[in-house]
Amino acid sequence: QVRLVESGGGLVQVGGSLRLSCAASGITFRIYTMGWYRQAPGKERELVANIDSGGRTRYADSVEGRFTISGDAKNIINLQMNTLKPEDTAVYYCNVHRPLSGVNYWGQGTQVTVSS
């Protein structure tokens, strides 16, 4: 079974940096994307960044140029977040998506809080 475990969240000041990690296990299929979503209080969950099996990346306009998504050979997906803003405050969720079926798998989430 697919299991996603996030780590690296915390409290930082405006302009600071954090690095999130997602350790994925149980992935046996070939066509999928991995990435990060976030959900702020009172808002819908939104895509932050993802990476597909061909190494192509996509970023939300709000984080383009500040965040970087990357993966290693051990099924660990990282999100380097720089120049953080208060509007980046949210619970961040690791995601695995299978476009063939539309199935999503989610981690438990990690809190990121950016204070002024």
Side-chain angles (χ1 to χ4, degrees):
Q1 63 184 55
V2 175
R3 183 168 60 252
L4 307 174
V5 181
E6 303 103 332
S7 63
L11 174 64
V12 298
Q13 294 183 341
V14 171
S17 297
L18 282 174
R19 184 172 64 252
L20 306 182
S21 294
C22 174
S25 62
I27 299 178
T28 60
F29 35 85
R30 299 174 66 181
I31 303 174
Y32 65 97
T33 65
M34 295 187 65
W36 292 91
Y37 284 69
R38 67 187 181 188
Q39 187 167 23
K43 297 184 178 180
E44 296 292 324
R45 189 172 298 183
E46 64 176 354
L47 174 69
V48 178
N50 65 9
I51 183 168
D52 66 18
S53 56
R56 293 167 292 188
T57 59
R58 182 173 65 180
Y59 297 92
D61 289 343
S62 59
V63 307
E64 183 75 46
R66 298 188 297 121
F67 292 10
T68 302
I69 189 169
S70 62
D72 63 22
K74 298 181 179 181
N75 288 331
I76 297 176
I77 302 298
N78 302 304
L79 184 69
Q80 179 66 46
M81 304 185 294
N82 298 325
T83 319
L84 284 161
K85 304 175 180 180
E87 50 263 45
D88 295 319
T89 295
V91 177
Y92 284 69
Y93 296 92
C94 186
N95 167 264
V96 170
H97 175 67
R98 298 194 67 187
L100 190 63
S101 64
V103 172
N104 285 290
Y105 304 91
W106 299 97
Q108 298 180 73
T110 185
Q111 177 71 47
V112 172
T113 302
V114 184
S115 63
S116 300

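Reckoned from all heavy atoms, side chains included, excluding hydrogens, waters and symmetry mates. None of the values given here were measured: they were computed from a predicted structure.
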Heavy-atom nearest pair, Q80 first then S17, reads NE2-CB, 4.0 Å
Step-by-step side chain to side chain contact (heavy atoms under 4.5 Å, CB included) determination, M81 to D88: CA-CA 9 Å; M81 304 185 294; D88 295 319; over 6 Å; no
Do S7 and T110 touch side chain to side chain, with heavy atoms closer than 4.5 Å? no
Could you tell me whether E46 atom CD has more than 12 heavy atoms of other residues or ligands within 6.0 Å of it? yes
Hydrophobic clustering (ILVMFWY, side-chain heavy atoms < 4.5 Å, transitive) - are Y105 and V91 grouped together? no
May I have the list of side-chain donor-acceptor pairs in residues 18-34 shorter than 3.5 Å, sequence neighbours left out?
residue: S21; atom: OG; partner: N78; partner atom: OD1; Å: 2.8

Taking all non-hydrogen atoms of both residues into account, name the closest pair between P86 and S116 and its distance. CG-OG, 4.0 Å
Rounded to the nearest 0.5 Å, what separation is found between the CH2 atom of W36 and the CG atom of N50? 13.0 Å
When rounded to the nearest 0.5 angstrom, what distance separates CG in L84 from CZ in R66? 6.5 Å
Partner set under ring-ring contact (aromatic ring centres under 6.0 Å, His included) for Y37, not counting sequence neighbours: W106
Counting heavy atoms not belonging to E87, are there more than 12 under 6.0 Å from its CD? yes
Tell me every residue that passes side-chain hydrogen bond (donor to acceptor under 3.5 Å, both in side chains) with S115, counting only those two or more places apart in sequence or in another chain. none
Nearest 0.5 Å please: distance from the CD atom of Q111 over to the CG atom of L11. 9.5 Å
Treating Ile, Leu, Val, Met, Phe, Trp and Tyr as nodes and any side-chain heavy-atom pair under 4.5 angstrom as an edge, say whether V96 and I76 lie in one connected cluster. no
Would you confirm whether T57, through its side chain, and I51, through its main-chain N or O, come within 3.5 Å as a donor-acceptor pair? no
Do L4 and L47 sit in the same hydrophobic cluster, where Ile, Leu, Val, Met, Phe, Trp and Tyr count as joined when their side-chain heavy atoms come under 4.5 Å apart? no
Could you tell me whether a side-chain N or O of Q108 sits under 3.5 Å from a main-chain N or O of E6, the two making a donor and an acceptor? no
From the list L79, V112, V48, side chain to side chain contact (heavy atoms under 4.5 Å, CB included) partner of R38 resolves to V48
With a 4.5 Å heavy-atom cut-off, do Y93 and Q39 have their side chains touching? yes
Gap separating the CZ atom of R58 from the CD atom of E64, nearest 0.5 angstrom: 12.0 Å
